[in-house]
Amino acid sequence: MTKVEIIVPVHNEEKNISLLVQEIEHCFTAEEQEYKICFVDDGSTDQSLEVLKRLTSENKKLSYISFSRNFGKDAALKAGIDKSDADVVITMDADLQHPPELIKQMLQLWKEGNQVVYAYREEANQQAGFIHRMSSAIFYKLMNKLSDLKLEQGIADYRLIDKSVVDIIRPMQENDIFLRGLVKWVGFQQIGIPYTPDERLEGKSAYSKKKLINLALQGITSFSTRPLYAAAYLGFTFSALSLLYIPYVFISFLMGHPHRGWASLIVTVVFFGGLQLTILGVMGLYLGKLFMQSKQRPLYIIKEEA
Ligand code: UDP
Ligand code: MG
């Protein structure tokens, strides 16, 4: 019998949990699979933990891990992966935006020999505004250009992972882990399936614009050092160009057209000032990563589990 474990990160989802459990239950009618659901409470400030405690005491298929504070969704997923002993792991959101009906299809594709089955949003989130959709498109373009990963636009944290891949990810101790990229990076036979996200059931999204930008920067710097190369090339190009400027100034002086011009000077100073700060910032991002990683702090702290 195939053991399937569903890992659900929970951050203030008190109203969604029990409905999600029911929906998942409906997806497992086949006798050949045995399922468990592991909830990871990521520092909820509402009644989520109480709800989880009650439900797990009533239902043997459920278990929970509770963090000491909010560590982020990826940390929550990693905690679930670290604990898992199933043949197949499925990660999905608690807010029912990831349609549970897809589980059947995912398991079917797994049986056909795929080690990873991931879902991606088919039509770029309709509810999301124009700016949100544009920035998401830019992120995936940049990500694919800058790293060797090819992430589909709209790829979600809704995926099935075979035990063999789970065993590879488990020992990884990356400080700010970006699972969407990491699972893709691992390789093996992977397949994507499109889905249309449902509306969030209750509560509100925990991801603000600022958080999304940070997530994008984190994703890119986790998988690529190309921004550093770009910085070096940019610097090199501009110094080469500035060398051409010296004979130009010199010759015009000899020909009796000395250069004056405060405006052009200021523009140049401001431009290069900005460029230097940007490049320093890029270097700083990587340095910061190195710094955080060198501390070797755990990715999450478990307060209690059952
Ligand atoms: N989540 C989490 N920790 C966080 C933020 C979110 O575990 O710090 C969970 C949340 O409970 C949900 C999933 O991650 O199950 C997706 O979050 P959300 O719906 O807020 O994100 P969105 O769907 O807007 O991308
Ligand atoms: Mg959501």
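Atoms within each ligand, like the ligands themselves, are counted from 1 in listed order. Heads up: numbering here begins at 1 and tracks the sequence.
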- [ ] Taking atom types as modelled, find out whether S44 and D41 have a side-chain donor-acceptor pair closer than 3.5 angstrom.
- [x] yes
TODO: Classify the side-chain pair N12/S48 by whether it contains a donor and acceptor separated by less than 3.5 Å.
DONE: no
Open item on the list: Can you confirm whether or not the ring centre of F272 sits under 6.0 Å from the ring centre of F238?
Closed with: yes
Task: Cluster overlap L299 with I169, hydrophobic side-chain contacts below 4.5 Å - done: yes
Task: Protein residues that have a heavy atom under 4.0 Å from any atom of ligand 1, sorted by chain and number - done: P9, V10, H11, E13, D42, N70, G72, K73, D93, A94, D95, Q97, R200, S205, A206, Y207
Open item on the list: Between E304 and Y64, do the side chains contain a donor N or O and an acceptor N or O under 3.5 Å apart?
Closed with: yes
Open item on the list: Testing the 3.5 Å rule here: is there a donor-acceptor pair between the side chains of K53 and S66?
Closed with: no
Task: Residue and atom, protein N/O/S, under 2.8 Å of the Mg ion (ligand 2) - done: D95 OD2, Q97 OE1
Open item on the list: For the residue pair N16 / D95, report whether a side-chain donor-acceptor contact shorter than 3.5 Å exists.
Closed with: no
Task: D82 and Y300: side chain donor to acceptor below 3.5 Å - done: yes
Open item on the list: Are F291 and Y286, when compared by the centres of their aromatic rings, separated by less than 6.0 Å?
Closed with: no
